[in-house]
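The structure appears right after this line, and notes come after that.
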Amino acid sequence: MNAFLFLPSNILPSHTLYSNKQRPFGISCAEGQGQWEDVIPVLAGKFHDFALFVPIKDTEVPMKGIYIKGEAEAPPLLWGRFFDAQASWAGHPVAVLGKNYQHEAAWRDGKRYYTHKGVEYEVIGILGTQEESRLNQMVLVDFRSAVRIMGINTSYVLDAKKEPDIAAVTDILKASGMAMGFGAVIFLVCTYSARRGKGGALARP
């Protein structure tokens with residue numbers, strides 16, 4: 001049986017992490033995180049300026065996961081660097097902290113580390129503004145860590161600087177059997193896959 005999850009773009013709050021060209025989408029019946037392991041390299045190989053966000057439901061800390069490729073605009077940094085394709089697709093937990101959490105990051109062997117719910121993240125940057133802002137209170141983590149926290153069946157946000165870029169990434173997702181576009185909404189359809197098992201893949205339109 002097919003399953004659908006869709007989120008209209010007007011539910012997204014205004015946020016400086018986004019370019020105002022963002023589109024939300026979701027996955028509702030995939031089994032296992034391996035699908036992104038297949039799709040991210042395809043996206044990275046064919047497109048060069050986009051970001052994927054994973055909103056993380058956490059009652060203690062406002063968190064988002066991120067995968068970024070190309071020249072997506074970085075938020076204001078007070079120290080270090082922002083995510084790039086390598087850091088946001090790292091094989092170990094990586095974080096950029098809002099400045100309100102920088103005192104919780106400990107130095108060890110020349111690097112900073114932040115621990116949240118038993119997971120230690122390497123801190124590569126501190127973001128924020130001099131005035132009070134959402135960025136000061138946010139923790140960004142690499143995409144893989146976010147999917148480990150939320151599971152693959154969750155909400156995502158696709159962002160790029162231009163509307164044609166959004167359409168181009170969406171087309172790649174379609175070609176990968178991952179997504180279909182519908183106006184201001186991207187939604188995904190799960191169905192049977194002989195390779196992955198029931199619910200383990202997403203249907204082509």
Side-chain angles (χ1 to χ4, degrees), residues 2-30 33-58 62-75 82-85 87-89 96 127 133-135 138-191 201-205:
N2 292 342
F4 303 87
L5 176 75
F6 59 92
L7 298 171
S9 59
N10 61 10
I11 72 167
L12 289 172
S14 174
H15 202 290
T16 54
L17 285 175
Y18 299 139
S19 68
N20 294 321
K21 306 294 184 184
Q22 69 272 5
R23 291 291 183 270
F25 67 96
I27 302 174
S28 64
C29 61
Q33 301 170 16
Q35 287 177 261
W36 281 120
E37 298 293 328
D38 296 337
V39 173
I40 289 291
V42 173
L43 289 174
K46 294 184 178 181
F47 200 75
H48 302 290
D49 196 3
F50 71 97
L52 285 165
F53 293 90
V54 185
I56 298 173
K57 297 178 178 65
D58 191 297
M63 299 181 73
K64 290 182 187 293
I66 183 172
Y67 174 79
I68 190 167
K69 179 68 188 295
E71 299 179 355
E73 187 173 348
F82 194 58
F83 284 104
D84 56 16
S88 61
W89 192 240
V96 172
L127 61 86
S133 70
R134 294 182 187 180
L135 292 177
M138 181 166 288
V139 173
L140 300 176
V141 302
D142 65 280
F143 191 86
R144 282 182 168 127
S145 290
V147 174
R148 279 193 292 268
I149 294 169
M150 294 301 300
I152 193 171
N153 296 310
T154 190
S155 302
Y156 301 84
V157 178
L158 167 63
D159 196 12
K161 293 180 180 178
K162 301 177 182 178
E163 289 285 354
D165 295 342
I166 294 284
V169 175
T170 303
D171 286 344
I172 294 173
L173 289 173
K174 288 180 182 180
S176 302
M178 282 285 291
M180 295 187 291
F182 185 75
V185 174
I186 299 172
F187 59 94
L188 297 108
V189 183
C190 302
T191 188
L202 299 165
R204 295 179 183 274

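Along the sequence shown, residues carry numbers from 1. These numbers were taken from a predicted model, which means no experiment stands behind them.
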Legend entry - By side chain to side chain contact (heavy atoms under 4.5 Å, CB included) - contacts of Ser88 (at least two apart): Tyr67, Ile68, Phe83

Legend entry - Distance-minimising heavy-atom pair for Leu127 and Pro75: CD2-CG, 4.3 Å

Legend entry - Test: Arg144 cationic atom under 6.0 Å from Trp89 six-membered ring centre, within 45° of axis: yes

Inset, instruction - Evaluate the side chain to side chain contact (heavy atoms under 4.5 Å, CB included) criterion for residues Thr154 and Val54: first the C-alpha distance (whole Å), next the side-chain angles of each, then the deciding distance (0.1 Å), finally the verdict. - result: CA-CA 8 Å; Thr154 190; Val54 185; 4.1 Å; yes

Inset, instruction - Only counting residues at least two apart or in another chain, list the ones meeting side chain to side chain donor-acceptor pair (under 3.5 Å) with Asp84. - result: none

Inset, instruction - Flag the pair Phe50 / Asp159 as yes when at least one side-chain heavy-atom distance between them is below 4.5 Å, and no otherwise. - result: no

Inset, instruction - Provide the closest heavy-atom pair for Phe82 versus Leu140 in the form atom of the first, atom of the second, distance. - result: CE1-CD1, 3.5 Å

Inset, instruction - Check for a donor-acceptor pair, side chain of Lys69 on one end and backbone N or O of Ala44 on the other, with a separation under 3.5 Å. - result: yes

Inset, instruction - Would you give the length of the straight line joining atom NZ of Lys57 to atom CE of Met63, rounded to the nearest 0.5 angstrom? - result: 13.5 Å

Inset, instruction - Looking only at non-hydrogen atoms, find the nearest pair between Ile56 and Met150 and report the distance. - result: CA-SD, 3.9 Å

Inset, instruction - Please round to the nearest 0.5 Å and tell me the distance separating atom CZ of Phe143 and atom CG of Leu52. - result: 5.5 Å

Legend entry - Min side-chain heavy-atom separation Pro24-Tyr156 under 4.5 Å: no

Inset, instruction - Decide yes or no for Val139 and Val141: does some side-chain heavy atom of the first lie under 4.5 Å from some side-chain heavy atom of the second? - result: yes

Legend entry - Ser155 versus Pro55, closest heavy-atom pair with distance: O-CD, 3.3 Å

